[in-house]
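Reminder, nothing fancy here: chain letters follow the sequence lines and each chain counts from 1. Computed from a prediction, not measured in an experiment: that's the story for all the values here.
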2 protein chains.
Amino acid sequence: MADVAARAGVTKQTVSNVVSGKKVRPETLAKVNKAIADLGYKPNLVARSLRTGSTSTVGLFVPSVANPFYSEVVEEVENLLVGRGYNLLLATTRDDPDYTRAHLENLAARSVDALLVACDNGVAQQIPMLVEAAFPVALFAWEGDPPTTLPVVSIDYEHAGFLAGRYLRDLGHRNVAVIADLPAHTPRVAGLRRAFADDGLAIDDHKVFACIRDDAVGGFDAGRAALEADPDVTAIFATHDILAVGAVEAVVRSGRQVPGDVSIVGFDDIAQVGQIQPALTTITVPKREMAQQAVELLLRAVDSGRPPTNVFTLLRPTLTIRDSSAPPRAT
Amino acid sequence: MADVAARAGVTKQTVSNVVSGKKVRPETLAKVNKAIADLGYKPNLVARSLRTGSTSTVGLFVPSVANPFYSEVVEEVENLLVGRGYNLLLATTRDDPDYTRAHLENLAARSVDALLVACDNGVAQQIPMLVEAAFPVALFAWEGDPPTTLPVVSIDYEHAGFLAGRYLRDLGHRNVAVIADLPAHTPRVAGLRRAFADDGLAIDDHKVFACIRDDAVGGFDAGRAALEADPDVTAIFATHDILAVGAVEAVVRSGRQVPGDVSIVGFDDIAQVGQIQPALTTITVPKREMAQQAVELLLRAVDSGRPPTNVFTLLRPTLTIRDSSAPPRAT
DNA sequence: TTGAAAGCGCTAACAT
DNA sequence: ATGTTAGCGCTTTCAA
């Protein structure tokens, strides 16, 4: 920068003004730009960050990127950040409080401008640290008790579960099994139960099958267990789509049809489940909108220099009916 | 840091030595550590980076994270980096040279320590800039002509296509259609063709269907087109698994069976295709091993302070036979 | 082993 | 509109 200044016959400050687009006389601008071009000067953003305390970098914590729900989120967040001139520092938290803490301290020491955090158990245990961060923090897709001390953009997971339950109930299903990632998805299951309870019905604990593995194989195993425990089950609610995919396979392999014999309802509406056969009936979670609102919230705080407004925003999940659900077969 | 030094009765330098784990007398160490704890001191990594020119951050360029192939890669890279104390700066290149260039300049200005770049057309056009980067750069999963000026960790895509072709040929298939993401996957198709050409057979151009969309719907459309163009097709090779999933659906919806009437072979072996029904026969690409080798290569260069060894590493793709392929029905 | 001085490249604040 | 001065927090160099 000093070289550029010397060559243009101005001071470093003027070069700085040019680089950061401040008011400069046109002729000075031309001189400086020429010197910049001649010398191939590139500003050092680390130095700028040291001086300004801002890095144009936003951290994103997700439990994992292997899950398509989160890869869609990552994609969306990256889009939004790039559009506004920010970089994405990605960290996976893996449901582990220690990982989360380590990442958090690292981000703090790097002075990221903001942090967006997806729900996970490891994170939940580090809420106090998040609250004390020197930069704006927002939570999203938060299931379970959200802290009141941080802004949250989420959906009402219990209500989403209710939507699935009401739908199955109104179709006429009375013998419903649940395969679930527990305890994480407890609210989804509770909502489903409430829909049936409203009608004087109930879903017993022994109809709820917790998955050992959190993938299609886990869904398959739990689905098979559900069918073996009660062959008359007419519907299965899976607390997320990947489990639902496994459940579909368990049903089909048992010689039953979807949705003829057994209806399946998933949760999340990840991109691929609308395209496979049978297209999955599922709860559509507005992930991209959540990401958008959370990013907006954060960047507004960054721009204004004030802490983010401590809002609790709930977006509306919807039921998307496709080909995996139907009324129960008449007996 | 000055505060800590004052409180411990030493100089900043000694504090620095303590923080970076250099030799310090035990009693001094104790004093300094106490002062650090008392004041809740956290080193400022931006300042350190300015001084040392290293940020403990590695950039990763992928075309997109929505594609499970790349989300697996991202996950693996993040794992490896965290394990070695590095951060992950993620950028999506979207097949766009301008995006790529912008990201690249940004990373350079931020002095990342290294950059890992997945193949994509937008990147290919920016190779000269990559070569001139001040930090180590490695390419991976490179299809098509890899530049000789940068280290590459990849597989032989043509050979991988050959494996698929030889398998189908040896099963007895003679009427094979291809659905492909073109021109990106030209080598995969070429390999398939070579396998058949070896045997005096050929796959005509009109048996190769380029996908309009790069998702399951695109695979479905292309699959349907292939079946309509020639109802006697006995096998379909899809140049990646997502397309294959769509192709399976096209076959099933046409009233045919997989693999009874039509065999389907995919490419990539993304996690979910081993779990869905029918489990997909596919070319297993060692993505995680590629990521691992590329990361190793880069970090070795970073640690040694020398440019990365300009190697061209080819890992071995394998054929994974599952349930979507069988000999053609006897006529 | 520890201390003192200098400077990485930039921008904020003020003076001109 | 531009120049001057100072300093962000750290590490490197050299001296003690």
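- On the nucleic acid side, DNA chain C has its first and last nucleotide under 4.0 Å of a heavy atom of chain A at C:dG9 to C:dA13, going 5' to 3'.
- In this structure, A:His185 and A:His240 have perpendicular ring planes: the angle between them is above 60°, well past the 30° mark.
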Under a 4.0 Å heavy-atom criterion, the protein footprint on nucleotides 1-8 of chain D, written with B, S and -, is SSBB-BBB
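- Side chain to side chain, B:Glu78 and A:Thr92 meet the donor-acceptor criterion of an N or O pair below 3.5 Å.
- With 3.5 Å as the limit, one finds no donor-acceptor pair spanning the side chains of A:Asn79 and A:Glu75.
- In this structure, the CG atom of B:Asp3 is 11 Å from the C1' atom of D:dG9, given to the nearest Å.
- The CG atom of A:Leu29 sits 10.5 Å away from atom CG of A:Asn17, with the distance rounded to the nearest 0.5 Å.
- B:Thr93 OG1 to B:Gln125 CD: the interatomic distance, rounded to the nearest 0.5 Å, is 11.5 Å.
- At least one donor-acceptor pair under 3.5 Å links the side chain of B:Asp96 to the backbone N or O of B:Tyr99.
- One finds the CG atom of B:Leu89 at 7.0 Å from the CZ atom of B:Arg110 (value rounded to the nearest 0.5 Å).
- Put simply, the side chain of B:Val4 does not reach to within 4.5 Å of the side chain of B:Lys12, judged on heavy atoms.
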